[in-house]
Amino acid sequence: MSLQIRGWKHVFKLDPARSLHDDALERVCLSGTDAIIVGGSSDISYDNTVDLLSRIRRYELPCVLEISTTEAIVPGFDLYFIPVVLNAGNTEWITGQHQRALRDYGSLLRWEQMIPEGYVILNENCTAAALTEADCNLTEQDIMAYARMADKLFRMPIFYMEYSGVFGNMEWVQQAAKVIQGAQLFYGGGIDSPEKALQASAAADTIVVGNVVYDNLEQAIATVAAVKVTL
Ligand code: 1GP
């Protein structure tokens, strides 16, 4: 199937390792969001990923797996996002795991479903930063260089500014949007209200809303309408 991510303004990211009641999942899936990304940084297993996919599949919206461990590559998603952490200190997260996965499964993959993400992790206190040993001590110039690296040098379809857990520097997101020509700019981190959703959406092409789904469902659902009224 050919699924267009280009028009996505808002996506929810759900963590297979965290529990979400059926009623809450229904509200998320019927919220009007453009898609669900399934992903997380710790305790992701094949079983909890299959379980969450099968529950999301009761609804019609697109469902993407953001692969964070080769042990939990579950068939049946619409698309697979492959993070390449450009500022990782540990090369496992740039090409290490990717090379091994391709060595083992490369001939079996349906390439039209695989979408690489040029990732820059910008919150030094998040789990993903610790895991990847990311260098988060970056200037605006450093970040713009990563934006160009993803967009121009590697021609990745997505450049993802990841502030997971905190609301980031929107001026930097706006600057990245100016620098990028072909890639789709994803922003994620700390969007916990319609106001922040609107701000982030003004800067990035696609906003990713995660934690607030678990912390305050009403606010999470309200982020969708905030973005949709800007359409
Ligand atoms: C995390 O970018 C997402 O990968 C969303 O971040 O959980 O802070 O909303 P939050």
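One-based numbering, in listed order, for ligands and for the atoms of each. Residues: numbered from 1 along the sequence shown.
- Residue Val209 has no N or O atom closer than 3.5 Å to an N or O atom of ligand 1.
- Under a 4.0 Å criterion applied to the non-hydrogen atoms of Gly190, ligand 1 contributes the atoms 8 (O), 9 (O), 10 (P).
- For the pair Val212 and ligand 1, no heavy-atom separation below 4.0 Å is found.
- With hydrogens and angles disregarded, a donor-acceptor distance shorter than 3.5 Å links the side chain of Tyr214 to the backbone of Asp15.
- Inclusion of Ile191 in the set of residues having an N or O under 3.5 Å from an N or O of ligand 1 is not warranted.
- The pair Asp104-Arg100 does not meet the salt-bridge criterion, since no charged nitrogen lies less than 4.0 angstrom from a carboxylate oxygen.
- In summary, of the residues considered (Thr33, Asp34, Thr206), a side-chain hydrogen bond (donor to acceptor under 3.5 Å, both in side chains) with His10 occurs for Thr33 alone.
- Here Arg27 does not pair with Asp22 in a salt bridge; the nearest charged N to carboxylate O distance is not below 4.0 Å.
- Proximity to Asn211 (heavy-atom distance under 4.0 Å) selects the following atoms of ligand 1: 7 (O), 8 (O), 9 (O), 10 (P).
- Atoms CD and CD1, on Gln184 and Ile5 in that order, are 4.5 Å from each other to the nearest 0.5 Å.
- By the criterion of a heavy-atom distance under 4.0 Å, the side chain of Tyr160, and not its backbone, is placed next to ligand 1.
- Which parts of ligand 1 touch Gly188 is read off a 4.0 Å heavy-atom cut-off, strictly below it: atoms 2 (O).
- Listed by atom number, the atoms of ligand 1 under 4.0 Å from Glu162 heavy atoms are 1 (C), 2 (O), 3 (C), 4 (O).
- No donor-acceptor distance shorter than 3.5 angstrom exists from the side chain of Glu117 to the backbone of Tyr119, with no hydrogens or angles considered.
- Those atoms of ligand 1 that come under 4.0 Å of a heavy atom in Ser164, given as number and element, are 1 (C), 6 (O), 8 (O).
- Using cut-offs of 30° and 60° on the angle between ring planes, the pair Phe186 and Phe81 is perpendicular.
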